[in-house]
Amino acid sequence: MTIEGVDYAFHPPTIASLVNGGKHFACRYGGKGSSDKWLKPNESAALIAAGIAIVANVEGQASGLLNGASEGADWAEKALAFFKTFGIPDGRPIYLSVDFDTRSVSSSQWTALDAAFDAAAKVLGP
């Protein structure tokens with residue numbers, strides 16, 4: 001069974017187009033990064049009313065998680081606070097995005113990314 005959804009930041013589609021397109025979730029941003037692409041209260045209400053689940057995602061500066069554990073914890077804390085204002089249920093995953101080509105990441109940068117994700121996981125829980 002395939003469940004389709006969308007991920008968008010700017011220029012959100014209409015709720016009707018999502019419903020008519022058979023979409024069941026929308027991956028939306030909040031907590032860090034450009035507030036222009038964040039989930040808005042009226043959008044959240046409309047998605048929920050249409051039966052479209054919200055997938056929470058945080059993305060600060062594209063390479064920000066290369067700053068390690070403190071940055072990962074910061075992203076997670078800000079995302080958790082942001083999405084709680086929209087009533088995202090406890091235990092719902094919050095995803096963190098690394099928005100650059102990781103094929104060129106050095107071993108020390110992988111260590112920093114690993115530390116960032118470990119710290120975020122401690123904030124967000126299992």
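The chain is numbered in sequence order, starting from 1.
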Decide side chain to side chain contact (heavy atoms under 4.5 Å, CB included) for V123 and W75; before the verdict, give the C-alpha distance in whole Å, the side-chain angles of both, and the deciding distance to 0.1 Å.
-> CA-CA 9 Å; V123 171; W75 282 31; over 6 Å; no
Show your working on side chain to side chain contact (heavy atoms under 4.5 Å, CB included) between L96 and L124 and close with a plain yes or no.
-> CA-CA 11 Å; L96 284 75; L124 298 172; 4.0 Å; yes
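Between A119 and A73 the shortest heavy-atom distance is CB-N, 3.9 Å. Across every non-hydrogen atom of W38 and G30, the tightest pair is CD1-CA, 3.5 Å. Across every non-hydrogen atom of G72 and A120, the tightest pair is O-CB, 3.5 Å.
Looking only at distances, no side-chain donor or acceptor of R28 sits under 3.5 Å from a matching main-chain atom of D7. Counting only distance, with no hydrogens or angles, the side chain of S97 and the backbone of D99 share no donor-acceptor pair below 3.5 Å.
Annotation: side chain of V58 is not in contact with side chain of F82 (no heavy-atom distance under 4.5 Å). Between Y95 and C27 there is no side-chain heavy-atom pair separated by less than 4.5 Å. Proximity of V98 to F117: side-chain heavy atoms (C-beta onward) are separated by under 4.5 Å at one or more points. For the pair F86 and I48, the minimum side-chain heavy-atom distance is 4.5 Å or more. At a threshold of 4.5 Å between non-hydrogen side-chain atoms, the residues N57 and I94 do not count as touching.
Hydrophobic clustering (ILVMFWY, side-chain heavy atoms < 4.5 Å, transitive): I88 and V6 are in one cluster. V19 and L47 fall within the same hydrophobic cluster, where Ile, Leu, Val, Met, Phe, Trp and Tyr residues are linked whenever their side-chain heavy atoms come under 4.5 Å apart, directly or through other members.
Atoms CZ and CG, on F83 and L39 in that order, are 6.0 Å from each other to the nearest 0.5 Å. Note: S44 OG to I52 CD1 = 11.5 Å, rounded to the nearest 0.5 Å. Taken from CD in Q109 to OG in S104, the straight-line distance is 7.0 Å, to the nearest 0.5 Å. Taken to the nearest 0.5 Å, the CG atom of L65 stands 11.5 Å off from the CG atom of D114.
Looking at Q61, E59, E77, K78 one by one, the single match for side-chain contact (heavy atoms from CB on, under 4.5 Å) with K32 turns out to be K78.
Salt bridge annotation for K122-D118: absent, with no cationic side-chain nitrogen under 4.0 angstrom from a carboxylate oxygen.
Dense packing is recorded around CG of D101, with more than 12 heavy atoms of other residues, nucleotides or ligands lying under 6.0 Å away. Taking a 6.0 Å sphere around CZ of F25, one finds it holds more than 12 heavy atoms contributed by other residues, nucleotides or ligands.
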